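Quick notes on the structure that follows.
Since this is a predicted model, take the numbers as computed values, not measurements.
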Amino acid sequence: MAYQADVAVNWCPELGTVLANEEVIDGKSEVGGFPVVRKPMKQWMLKITAYAERLLQDLEELDWPESIKEMQRNWIGKSVGANVRFGMQETDDEISVFTTRPDTLFGATYMVLAPEHPLVDRITTAEQRKAVDLYIGEAGKKSDLDRTDLNKNKTGVFTGSYAINPVNGNAIPVWIADYVLISYGTGAIMAVPGHDQRDWEFARKFDLPIVEVVKGGDITKEAFTESENGISVNSSNDEISLDGLPVDEAKERISAWLGEKGLGEKTVTYKLRDWLFSRQRYWGEPFPVIHVDGKPKPLPEDSLPVTLPEVEKYEPSGTGESPLATITDWVNTTDPETGKPARRETNTMPQWAGSCWYYLRFIDPEYKNGPVSKEKEQYWMPVDLYVGGAEHAVLHLLYARFWHKVLYDIGVVSTKEPFQKLVNQGMILGEMEFTIYKDENGRYLTQKELETYEGPLTRLKLSGEHITKDGERYSLNPEQAHLPVIVAGPDGSKTTVKDYFAKDEPGEDLYIEARSFKMSKSRGNVINPDDVVERYGADALRLYEMFMGPLEQVKPWSMSGVEGVYRFLKRVWRMIIDDETGKLLPEIVQGEPNAGQEKALHEAIKKVTGDIEGFRFNTGISALMIFVNEAMKWDKRPLSVMNDFILLLSPYAPHLAEELWAKLGNEPSVSSQTWPEYDESKLVDESQTYAIQVNGKVRGEIQVPMSDAKNKELVLTEAKAEANVARYLEGKQLVKEIFVPLRIVNLVVKG
RNA sequence: GCCGCUGUGGUGGAAUUGGUAGACACGUUGGACUUAAAAUCCAAUGGGCCUUAAAAGCCCGUACCGGUUCGAGUCCGGUCAGCGGUACCA
């Protein structure tokens, strides 16, 4: 599973360490935004690619958001195609390529190797040597950022050699270019410029032949890459012809032929790369590995765990080695098995290592004989619900699945997957902001101007009371001839300099941007939960966060929304307690609730229970509010009903619920009580309301006693008799009667 | 470019999965209480039409265009916008 390899890694000189691909964003380090260059170094790798297929397949069984599963599928990037071997014209060498379009083989007019491809050196001719070496040197120096910049402009050099296209015997030139990646497929491609956009651009630039082998597009304008409605042409030799076949059939026919001839075979390739697992930092789990006679060797179990040495400084050594390399009395040790001198591995594991198995260790933190005891693992695993941010979609969540599968294979865990159900909580944004933009001359901009304007902008924050929404857009209130605004500088700082905005100054169509932003210090829209707790209490904060909307959804913060749930909590208090005396209200009485009270309670129990199970906390809270609005009207509030309500409230507002539970004379704690159950029979209404439609439009409403509610004849008769409905039926021919029990009646008429 | 998700009042969001769109909350307006304010309570609140007024009624309305259906926020096809992911992956 673990091996060492010389890989071109993302070396960040500023941080003095190597970064994983996922930690590099647009050629800069995710942390700090420093430049990153590619540099070959000896690194530890974990063979996650060996699990690619299982990581892909087992996604099906998981109760995860579709978007996360899709991201993992894309990341794993499975593609099915064929490996095809091309012989060289002058030598016995072979170039193996991977293609998903073997049906276009007759259209391969040149080949491209990645600059790092091992064959490049062998096949480069003397005349081309200088150009090739130069190109390789430059490609090696390029950072990821540079490569991205050059995307639109293809570069490459001819090696001087030719390969033979096995289907038609044509000699085709072999080039090197950095648009072919050494790390994907075989590091070499057959270029089919007629049917691959990248090859087409390259062929255009270097004047290579473009041949049409699939009919359906215009290859003089762009590559024709659709595979749904293409038909093979110009694709035959003495033994095989693909002409006239649709793409799928052509692929099968040629693959079979290549197989028979020993020229190639069906192959599956993944985008997923092996996991670069070492870091040159002090903080990180040390590898349980020593180097004896220059070879790595795992330490025996009784020498574990390897702990980090005490040090004065944590800074990187700067040479690319970990700071641990400078601590000689730790680094130099002896092999416990042979007694030979040994050197400790100085790389450490990345941050993800711990997050790949902490959920197992947390189950059994004191266990000494392994990561987790069998017994506890079987009791607790898999994790029933994992709530986390979407930013972990392909990092932590893929790595942890990988480790878990390895642990499953060696018998440490009993489940194939660690996290059965996963929910992504949505981010909470700052409050809604209204912004108007001003150019460097102080002119306010319209939407069109803003789109094209490139100079320095000043953001002016307007407050909600100055804005009206008419139709699709927001505009300034007409009475705001002049209004004070808060000036936000380009650096994000907010100075409360008073500016005066003259409404008619810049003309109509002013652009007012209305949206909320991710909370950030620089924008100054951060809500500190401590302040909210201070002012409204922890219950109100908790309740508000759940009331804002669906758990998974991104939603803006609103201070007046907090105010709203805070008012609700105060209402709950006053439903039970006399605010003056702090004693129970006289309305709170012993005795049986009436039918209406029972119905209100049981409706709340049903809704709240179902909504908690389905993570619909917002609608559950609204059910509690509906109950309280109802109960506040009661002269007598039976104790039993109040008790059950407090139980329903307790997961949402535990502090308040505990207090009221005690005030109602109950034994603590409210959290150790059994959850109330609802009784369906208490929910039944005395009568049923039917909406009556005529031709699909509601024209009236009738009430029928519950005992008659499913009586079709009776309901229809009453429906037709309803005064307004009758108006619409008059003089018309009734062609159809729709009766949906307990829902609706629809009468279809003609004429 | 490609993949995924989301578009509902002034705002956050509901809608039993095809059955009265806008629950609940915020905000706004009016009223009560108060010397006043806060707090609290009551009422109204998608847009429009008809009517002296009220009651009732009618039309339009879930991003846009079209379709299926007795009936569409919900299903299907297309378009647009926003958000997230990803990008020379052969």
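Counting any heavy atom pair closer than 4.0 Å across all strands shown, V748(A) reaches sugar-phosphate atoms only and no base atom. At a threshold of 4.0 angstrom between heavy atoms, the contacts of V554(A) are confined to the sugar-phosphate backbone, with no base atom among them. Within 4.0 Å of G564(A), counting heavy atoms only, lie sugar-phosphate atoms of the nucleic acid but no base atom. S558(A) comes within contact range of no nucleotide atom at all, as no heavy-atom separation falls under 4.0 Å. Counting non-hydrogen atoms under 4.0 angstrom, N746(A) reaches a base of the nucleic acid. If you check every strand for non-hydrogen atoms under 4.0 Å, R73(A) touches nothing. Heavy atoms of F568(A) sit nowhere under 4.0 angstrom from any nucleic acid atom. Across all strands, R616(A) comes closer than 4.0 Å to no nucleic acid atom at all (heavy-atom distances). Using a 4.0 Å heavy-atom criterion, one finds that S79(A) contacts the sugar-phosphate atoms exclusively. Using a 4.0 Å heavy-atom cutoff across all strands shown, P550(A) reaches sugar-phosphate atoms only and no base atom. Within 4.0 Å (heavy atoms only), Y728(A) reaches sugar-phosphate atoms of the nucleic acid but no base atom.
The listed nucleotides are G4(B), C88(B), G13(B); the one nearest the side chain of E70(A) is G4(B). Each of C24(B), G19(B), G27(B) was ranked by its minimum atom distance to the side chain of S560(A); first place goes to G27(B). Among C24(B), C26(B), G19(B), the nucleotide with an atom closest to any side-chain atom of R567(A) is C26(B). When each of G19(B), G13(B), G85(B) is scored by its nearest atom to the side-chain atoms of I744(A), the top-ranked nucleotide is G19(B). Distance from the side chain of I626(A) is smallest to A23(B) among A23(B), G12(B), G4(B). Side chain of E701(A), nearest nucleotide from C24(B), A90(B), U20(B): U20(B). When distances run from any side-chain atom of T619(A) to the nucleotides U20(B), C3(B), A14(B), the shortest one goes to A14(B). Here C60(B) is the nucleotide among C60(B), A14(B), C41(B) with the atom lying nearest to any side-chain atom of K697(A).
If you take CZ of R571(A) and P of A25(B), they are 8 Å apart, rounded to a whole angstrom. Atom CH2 of W573(A) and atom C1' of U40(B) are 17 Å apart (whole Å). Separating the CZ atom of F739(A) from the C1' atom of G19(B) is a distance of 13 Å, rounded to the nearest angstrom. Atoms CD (E563(A)) and P (C26(B)) sit 9 Å apart, rounded to a whole Å. Atom NZ of K78(A) is separated from atom P of A90(B) by 14 Å (rounded to the nearest Å). In this structure, the CD atom of E222(A) is 20 Å from the P atom of C88(B), given to the nearest Å. Atom pair L397(A):CG and G85(B):P shows a separation of 15 Å (rounding to whole Å applied). Remark: C1' of G7(B) and NZ of K555(A) are 17 Å apart, rounded to the nearest angstrom.
Here, G19(B) and U74(B) have their P atoms 11 Å apart, quoted to the whole Å. A15(B) and A25(B) are spaced 16 Å apart, taking the P atom of each and rounding to whole Å. As rounded to the nearest Å, A56(B) and G67(B) have P atoms that lie 35 Å from one another. Taking atom P in both G78(B) and G12(B), one finds a spacing of 29 Å when rounded to whole Å. Across the C1' atoms, G47(B) and G22(B) are found 13 Å apart, a figure rounded to whole Å. Nucleotides U52(B) and U62(B) are separated by 32 Å at their P atoms, to the nearest Å. Taking atom P in both C26(B) and U40(B), the straight-line distance is 10 Å, to the nearest Å. Only the C1' atoms considered, G46(B) is 35 Å distant from U34(B), to the nearest whole Å.
Between K599(A) and E603(A) there is a salt bridge, with a side-chain nitrogen of the basic residue lying less than 4.0 Å from a carboxylate oxygen of the acidic one. Salt-bridge check for E265(A) with R85(A): passed, with a basic side-chain N closer than 4.0 Å to an acidic carboxylate O. The pair R73(A)-E70(A) meets the salt-bridge criterion, since a charged nitrogen lies less than 4.0 angstrom from a carboxylate oxygen. Here K606(A) pairs with E680(A) in a salt bridge; the nearest charged N to carboxylate O distance falls below 4.0 Å.
Between I702(A) and V745(A) the shortest side-chain heavy-atom distance does not fall below 4.5 Å.
Put simply, N424(A) has no side-chain N or O that comes within less than 4.0 Å of OP1 or OP2 on G84(B). Note on Q553(A): a side-chain N or O is less than 4.0 Å away from OP1 or OP2 of G13(B). Residue K205(A) places no side-chain N or O under 4.0 Å from the OP1 or OP2 atom of C88(B). The phosphate of G57(B) (OP1 or OP2) has no side-chain N or O of R699(A) nearer than 4.0 angstrom. Close to C58(B), at under 4.0 Å from its OP1 or OP2, lies a side-chain N or O of N724(A). OP1 or OP2 of A14(B) has at least one side-chain nitrogen or oxygen of N618(A) nearer than 4.0 Å.
For G9(B), the base is syn relative to its sugar; the glycosidic angle is within 90° of 0. Look at U29(B): its glycosidic torsion is beyond 90° from 0, and that puts it in the anti range.
Classification of the Y110(A)-F202(A) ring pair by plane angle, with boundaries at 30° and 60°, yields parallel. The aromatic rings of W275(A) and Y399(A) lie parallel to each other, their planes meeting at an angle below 30°, with 60° marking the opposite boundary.
Aromatic rings of F739(A) and Y690(A) (six-membered ring for Trp) have centroids within the 6.0 Å cut-off, being under it. Taking the six-membered ring for Trp and the full ring otherwise, Y566(A) and W573(A) have centroids separated by 6.0 Å or more.
Take the nearest nucleotide of RNA chain B for A623(A) and for I189(A): the residue whose nucleotide is more 5' is A623(A). Ranked by how close their nearest RNA chain B nucleotide is to the 5' end, D196(A) and R743(A) are led by R743(A).
Here U20(B) sits opposite no nucleotide as a Watson-Crick or G-U wobble pair (both hydrogen-bonding atom distances under 3.5 Å). Remark: G82(B) base-pairs with C5(B). Criterion, Watson-Crick or G-U wobble with two distances under 3.5 Å. If you check C26(B) for Watson-Crick or wobble pairing at under 3.5 angstrom, you find it paired to G10(B). Across the strands present, C58(B) finds its partner in G48(B); the criterion is a Watson-Crick or G-U wobble pair with both atom distances under 3.5 angstrom.
With hydrogens and angles left out, the side-chain atoms of Y270(A) and T49(A) include no donor and acceptor closer than 3.5 Å.
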